[in-house]
Visitor: 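So that we are looking at the same thing, I have put the structure below in structure tokens.
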Amino acid sequence: MRTRKTVRAFFSNIEQLSSEDIAELETLKSLLMETVPTSVKRAHDLNQNYACIFEINDSDYYIEIPRSHWIPSIETLISWYSHESVQNYEKCSELSKLIEAIRSEKKREKKSKTSKTKRRGEEGAQLNKGSGQQDA
Amino acid sequence: MEKKEHNLIREAVSKMLNADTVIKRKNKSKAEKKRELFVKIITSLEEVMTRSNILFMDTGIDYSSYDEKFHSIIDMLIFMHFGQDCYELISWYLYDRLGSDGEETSKLLNEKGEETEINNAYDLYDVLMKVNSNI
């Protein structure tokens with residue numbers, strides 16, 4: 001089985017830069033456009049809570065996106081891919097489907113939590129009824 | 001790189017994506033470290049060969065007969081560690097991939113006639129593991 005390799009991004013001499021300067025790097029933007037969709041999709045398929053997007057240099061430190069922020073990050077990518085300089089609408093469509101998949105997974109989780117809480121509530125009510133009869 | 005720089009990168013990525021990000025430390029497994037070491041060795045060998053070629057093209061100085069002994073030692077060590085089959089694959093990757101017309105061949109056919117693509121040292125390592133998982 002081929003193991004997936006996490007992308008490694010090499011940064012050098014960034015001590016002089018601010019985070020705003022780094023955020024303007026086109027190479028970093030290109031990297032995120034490639035790695036974020038793949039990483040989020042993989043994390044979603046494996047039911048993980050964090051999507052690992054790249055390793056910083058060869059440091060064992062990784063940048064990850066928590067599940068609650070997958071949709072906002074993909075939405076940003078859609079705006080990048082639909083920009084006039086890129087205009088990759090096929091990719092935008094793929095990313096929209098990924099957002100839908102993540103949202104429908106969220107709804108499924110909410111439903112199953114609600115039904116579990118409801119069942120527990122009913123069981124609790126039955127127990128109380130039972131003990132009430134005994135006391136009488 | 002210090003943690004301060006890591007945080008700078010994290011903040012930059014968060015700003016770009018308009019989404020929170022976190023930094024996590026994950027130790028690489030033994031197998032991953034071995035793979036990384038292999039890739040570093042192969043990449044360094046490629047760089048050494050490229051450097052010699054550039055030196056010859058720029059200056060006319062040919063160090064190949066001087067370097068031959070070192071390359072021979074490396075080849076013997078590779079053979080000793082990896083065995084015949086893997087040694088042949090590695091040799092192909094390092095010395096025979098580039099055709100006389102300068103075109104790179106990345107596809108290999110195995111005995112069964114199945115095609116495998118080897119574009120970089122990572123791909124090479126994956127193939128070697130299939131040939132001999134004990135390396």
Side-chain angles (χ1 to χ4, degrees), chain A residues 1-26 28-33 35-37 39-40 48-80, chain B residues 1-44 47 89 106 108 110 114-133 135:
Chain A
M1 190 183 82
R2 210 181 181 123
T3 52
R4 183 181 169 272
K5 301 172 274 291
T6 306
V7 170
R8 186 176 290 156
F10 285 97
F11 296 85
S12 57
N13 303 323
I14 61 164
E15 305 84 15
Q16 313 294 329
L17 300 176
S18 65
S19 59
E20 285 85 11
D21 296 328
I22 299 169
E24 282 171 19
L25 294 173
E26 281 300 318
L28 182 57
K29 186 177 176 180
S30 305
L31 174 76
L32 292 174
M33 285 174 82
T35 59
V36 170
S39 310
V40 168
Q48 292 172 340
N49 289 321
Y50 290 89
C52 184
I53 46 176
F54 63 82
E55 181 184 4
I56 301 172
N57 296 348
D58 188 10
S59 64
D60 292 345
Y61 286 92
Y62 296 79
I63 301 286
E64 298 192 341
I65 309 176
R67 182 182 272 262
S68 52
H69 289 265
W70 288 353
I71 291 176
S73 59
I74 304 257
E75 284 170 347
T76 305
L77 254 57
I78 290 176
S79 69
W80 289 354
Chain B
M1 194 183 270
E2 298 293 319
K3 277 189 182 168
K4 189 185 157 196
E5 279 92 26
H6 290 163
N7 265 320
L8 276 179
I9 294 166
R10 187 198 59 76
E11 277 169 20
V13 171
S14 295
K15 275 188 190 118
M16 290 169 87
L17 293 176
N18 287 321
D20 279 354
T21 53
V22 298
I23 296 177
K24 276 199 176 171
R25 181 157 192 211
K26 295 188 219 187
N27 286 326
K28 293 192 183 76
S29 64
K30 240 180 173 174
E32 281 172 333
K33 283 182 182 170
K34 206 171 176 182
R35 195 221 268 132
E36 292 298 326
L37 181 60
F38 174 84
V39 167
K40 260 188 193 158
I41 291 168
I42 297 297
T43 312
S44 299
E47 285 169 6
L89 269 168
S106 60
L108 270 184
N110 66 11
E114 292 161 341
E115 212 173 67
T116 309
E117 207 161 326
I118 302 180
N119 291 311
N120 50 50
Y122 284 105
D123 291 346
L124 176 62
Y125 189 80
D126 289 342
V127 171
L128 293 178
M129 287 300 285
K130 281 183 197 168
V131 170
N132 180 3
S133 56
I135 57 168

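In the text below, chain A, chain B and the rest are named by the order of the sequence lines, each starting its count at 1.
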Visitor: For the pair A/His69 (side chain) and B/Ala19 (backbone), establish whether a donor and an acceptor sit closer than 3.5 Å, ignoring hydrogens and angles.
Guide: no
Visitor: Calculate, to the nearest 0.5 Å, the distance between atoms CG and OG belonging to B/Asn7 and A/Ser19 respectively.
Guide: 10.0 Å
Visitor: Need one label for B/Lys26: side chain, backbone, both or neither, based on atoms under 4.5 Å from any heavy atom in chain A.
Guide: both
Visitor: Give, for atom NZ of B/Lys15 and atom CD of A/Glu20, the distance between the pair rounded to the nearest 0.5 Å.
Guide: 3.5 Å
Visitor: Let me know if A/Ser18 has heavy atoms under 4.5 Å from chain B in its side chain, its backbone, both or neither.
Guide: backbone
Visitor: Find the one option among A/Asp60, A/Thr76, A/Asp21 whose heavy-atom pairs under 4.5 Å with chain B are most numerous.
Guide: A/Asp60
Visitor: Answer with side chain, backbone, both or neither: which region of A/Leu25 has an atom nearer than 4.5 Å to a non-hydrogen atom of chain B?
Guide: backbone
Visitor: Which residues pass the salt bridge (charged side-chain N to carboxylate O under 4.0 Å, His left out) test with B/Lys24, not counting sequence neighbours?
Guide: A/Glu64
Visitor: Between A/Tyr61 and B/Glu5, is there a side-chain heavy-atom distance shorter than 4.5 Å?
Guide: no
Visitor: Quick one: what part of A/Trp70 sits under 4.5 Å from any heavy atom of chain B, side chain, backbone, both or neither?
Guide: neither
Visitor: Between B/Lys33 and chain A, with a heavy-atom cut-off of 4.5 Å, which part of the residue counts as in contact: side chain, backbone, both or neither?
Guide: neither
Visitor: In terms of heavy-atom proximity below 4.5 Å to chain B, should A/Leu77 be classed as side chain, backbone, both, or neither?
Guide: side chain
Visitor: Nearest 0.5 Å, please: how far is OH in A/Tyr50 from OG1 in B/Thr21?
Guide: 11.5 Å
Visitor: Can you measure from OG (A/Ser79) to CG (B/Asn18) and round to the nearest 0.5 angstrom?
Guide: 8.0 Å
Visitor: With rounding to the nearest 0.5 angstrom, report the CD1 to OG distance, A/Ile63 to B/Ser14.
Guide: 7.5 Å
Visitor: Between A/Leu28 and chain B, which part of the residue has a heavy atom less than 4.5 Å away: side chain, backbone, both or neither?
Guide: both
Visitor: Supply the atom-to-atom distance A/Asn57 CG to B/His6 NE2, rounded to the nearest 0.5 angstrom.
Guide: 6.5 Å
Visitor: So which heavy atom on A/Ile65 is nearest to which on B/Asp20, and how close?
Guide: CG2-O, 3.8 Å
